[in-house]
Number of protein chains: 2
Amino acid sequence: MKVRPPKAQPEITVDTVIFTIEEGVLKVLLVRRGGDPYKGQLALPGGFLWANETMAQAAVRVLTTKANVKDVFFEQLYTFDNPKRDTRGHVITVAHFALVPAQRLRSIRLDENVSLVPVKSIKRMPFDHMEILSYADKRLRTKLGYSNVAYSLLPEAFTLSQLQEVYEVILGHEVDKRNFRKKIQSLDIIELTGQKQTGRKHRPARLFRFKKRGYAELEEPLF
Amino acid sequence: MKVRPPKAQPEITVDTVIFTIEEGVLKVLLVRRGGDPYKGQLALPGGFLWANETMAQAAVRVLTTKANVKDVFFEQLYTFDNPKRDTRGHVITVAHFALVPAQRLRSIRLDENVSLVPVKSIKRMPFDHMEILSYADKRLRTKLGYSNVAYSLLPEAFTLSQLQEVYEVILGHEVDKRNFRKKIQSLDIIELTGQKQTGRKHRPARLFRFKKRGYAELEEPLF
DNA sequence: ACAAAAGTGTTGTATATACACCCATGA
DNA sequence: TCATGGGTGTATATACAACACTTTTGT
């Protein structure tokens, strides 16, 4: 008879990187930890996986309870299992990332234990959360280039300038207005709503919508 | 006091999609299951995570024991946790994929419980292994376009035709010889060894090597 | 001398980039 | 009438795609 070593019995958590764009800046929703370890520090929202729950359900639960949002885009990122990542013992985390239009976070934002922090300003976080954040940020940039995920950072109707801002903020550099419009309109993923923006002190912009609200990959990459 | 539901206590496995190219065909290493469930069927090699083991270590263990290879390229793919994926109960699997040059699998291949099967011919596998395989296959195709992973499917020295074959087999279509050579040589990732292939009944091909053996992402994508 | 794969350039077409002015509105 | 962002076209450079013949070796 072969003797097998014991199976691992790690605990499993789900952590979620919730991105939004506010005031032209890419931000992440962080929560202040209520308990040890790292009590009082800002960290990625997450929690233990409950019995009879899938990862996706746990991620939805985190999004609902911490950010008070439903039906937003999210996907699994990566599973982090560095044995030293949690001082409490063997805890692995299945990281996810989500994208939420800033307007939909207004309800929760009044709180002091939940804040939207510019990604570029974050220097330290508990556990391996910096690593998770970097990973999510990179995935977001890449994904922007071959999918329609931008829809999930905008209201249903938006102007081309708002759409362009999403790209500029995430890519971290400006893009040419005319070329951007030519390209994005050639992709056949957005359409005119027929409405126009009102109440601005300049020429009203036409409002567009994504033809498909829901994740889709582009036939031809944007970059 | 809040009452929290119990934490999940799933078991954790690691499954590995081991790709290789043999006779101009993309193949996967499958092992015949020795025990229930699905006893006797071909499935992706894998196993339970052991105590005090990281996912990467478990993946290396699978690669060593099932494929008898060391120091090959592999990376984590995705964590599959569909609650019905394993009839034994709550078992989640952290899937990985690995790339191995066919020559390095010669040692193990004599066995009847381990076989290299063309990806396109695989119609059914136990658990959610078909889903894992599709996911890996897609990742491989994508990765080929923005990284140097092709190195991990070839011997250290190779001809441009062999390199081209790697791309054609994975992409599933032919590419133009002159355009391919122009492009690949413009990327600055391969160099001449100075050696030539011998013993063929045609003009000897120059042998190249990858400048960097180890994973790297291209500055400029190939496609 | 024949078979088999290696090796090599040019041209047309499509795509990407750079760039500046007029327009519609609110104040 | 002024300030603000909305909206548009062209010219040039670069990248991609299509394509055929000569070379070197083994038999």
Side-chain angles (χ1 to χ4, degrees), chain A residues 21-25 141 144-146 150 154-155 157-169 171-209 218-223, chain B residues 21-25 141 144-146 150 154-155 157-169 171-209 218-223:
Chain A
I21 291 179
E22 196 183 51
E23 296 160 9
V25 179
R141 253 177 291 127
L144 201 62
Y146 65 85
L154 289 168
F158 53 86
T159 68
L160 290 181
S161 294
Q162 290 173 323
L163 181 57
Q164 183 174 338
E165 187 189 45
V166 168
Y167 281 83
E168 290 181 333
V169 165
L171 295 178
H173 62 80
E174 300 192 342
V175 303
D176 180 85
K177 182 162 66 162
R178 279 171 290 190
N179 294 338
F180 177 78
R181 288 172 180 226
K182 230 181 301 171
K183 191 68 192 269
I184 206 85
Q185 293 188 89
S186 77
L187 294 178
D188 197 41
I189 56 171
I190 60 172
E191 62 190 2
L192 284 164
T193 61
Q195 309 292 105
K196 290 196 177 179
Q197 203 180 37
T198 57
R200 299 300 155 92
K201 58 174 183 179
H202 55 77
R203 177 173 177 177
R206 292 175 300 178
L207 291 170
F208 288 77
R209 72 166 76 89
L218 306 178
E219 294 168 19
E220 174 194 9
L222 200 77
F223 53 87
Chain B
I21 292 178
E22 196 183 50
E23 296 160 10
V25 179
R141 255 178 289 126
L144 201 62
Y146 65 86
L154 289 168
F158 53 86
T159 68
L160 291 180
S161 293
Q162 290 173 322
L163 181 58
Q164 182 175 340
E165 188 190 46
V166 168
Y167 281 83
E168 289 180 333
V169 165
L171 295 179
H173 61 81
E174 299 193 343
V175 303
D176 181 85
K177 181 161 67 161
R178 280 172 290 191
N179 294 339
F180 177 78
R181 288 172 180 225
K182 231 180 304 171
K183 190 68 192 266
I184 205 82
Q185 294 188 89
S186 78
L187 294 177
D188 196 41
I189 56 171
I190 59 171
E191 62 189 1
L192 284 164
T193 62
Q195 308 293 105
K196 292 195 175 180
Q197 205 182 34
T198 57
R200 301 298 155 92
K201 59 173 183 178
H202 57 75
R203 177 172 175 177
R206 293 174 300 177
L207 291 169
F208 288 77
R209 71 166 77 89
L218 305 178
E219 294 167 20
E220 175 194 9
L222 201 78
F223 53 86

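Below, chains carry the letters A, B, ... as their sequence lines are ordered, and counting in each starts from 1.
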Inset, instruction - Show your working on side-chain contact (heavy atoms from CB on, under 4.5 Å) between A:Lys182 and A:Asn179 and close with a plain yes or no. - result: CA-CA 5 Å; A:Lys182 230 181 301 171; A:Asn179 294 338; 3.3 Å; yes
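- Taking 4.0 angstrom as the limit, B:Ser161 places a side-chain polar atom (N or O) nearer than this to OP1 or OP2 of C:dA6.
- Taking CZ of B:Arg203 as the start and CD of B:Gln197 as the end, the distance is 12.5 Å to the nearest 0.5 Å.
- Within residues 190-208 of chain A, the residues that place at least one heavy atom under 4.0 Å from DNA chain C are, in residue-number order, A:Arg200, A:Lys201, A:His202, A:Arg203, A:Pro204.
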What pairs of nitrogen or oxygen atoms, one from the protein and one from nucleotides 9-12 of chain C, lie under 3.5 Å apart?
unit_1 : atom_1 : unit_2   : atom_2 : d
C:dT10 : O4     : B:Lys182 : NZ     : 3.1

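- Heavy-atom minimum distance, A:Phe158 versus A:Gln162: CA-OE1, 3.1 Å.
- Heavy atoms of other residues, nucleotides or ligands lying less than 6.0 angstrom from CZ of A:Arg181 number more than 12.
- One can place CZ of A:Phe158 at 16 Å from C1' of D:dG6, the figure rounded to the nearest angstrom.
- What separates CD1 of B:Ile184 from P of C:dT8 is a distance of 15 Å, to the nearest Å.
- When rounded to the nearest whole Å, the span between NZ of A:Lys177 and C1' of C:dC23 equals 11 Å.
- Rounded to an integer number of Å, the gap from A:Arg181 CZ to C:dA16 P is 18 Å.
- Distance, B:Glu165 CD to C:dA5 P: 12 Å, rounded to whole Å.
- No more than 12 heavy-atom neighbours from other residues, nucleotides or ligands sit within 6.0 angstrom of CD on A:Glu174.
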Legend entry - Derivation of the side-chain contact (heavy atoms from CB on, under 4.5 Å) call for A:Leu222 and A:Ile184: CA-CA 8 Å; A:Leu222 200 77; A:Ile184 206 85; 4.1 Å; yes
Inset, instruction - Start with the C-alpha distance between B:Leu207 and B:Thr159, add both sets of side-chain angles, then the distance that settles side-chain contact (heavy atoms from CB on, under 4.5 Å), and finish with yes or no. - result: CA-CA 5 Å; B:Leu207 291 169; B:Thr159 68; 3.8 Å; yes
Inset, instruction - Report the C-alpha distance between B:Phe223 and B:Lys183 in whole Å, list the side-chain angles of each, state the deciding distance to 0.1 Å, and finish with yes or no for side-chain contact (heavy atoms from CB on, under 4.5 Å). - result: CA-CA 10 Å; B:Phe223 53 86; B:Lys183 190 68 192 266; over 6 Å; no
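- Computed from coordinates, the A:Phe180 CZ to D:dG6 P distance equals 12 Å when rounded to whole Å.
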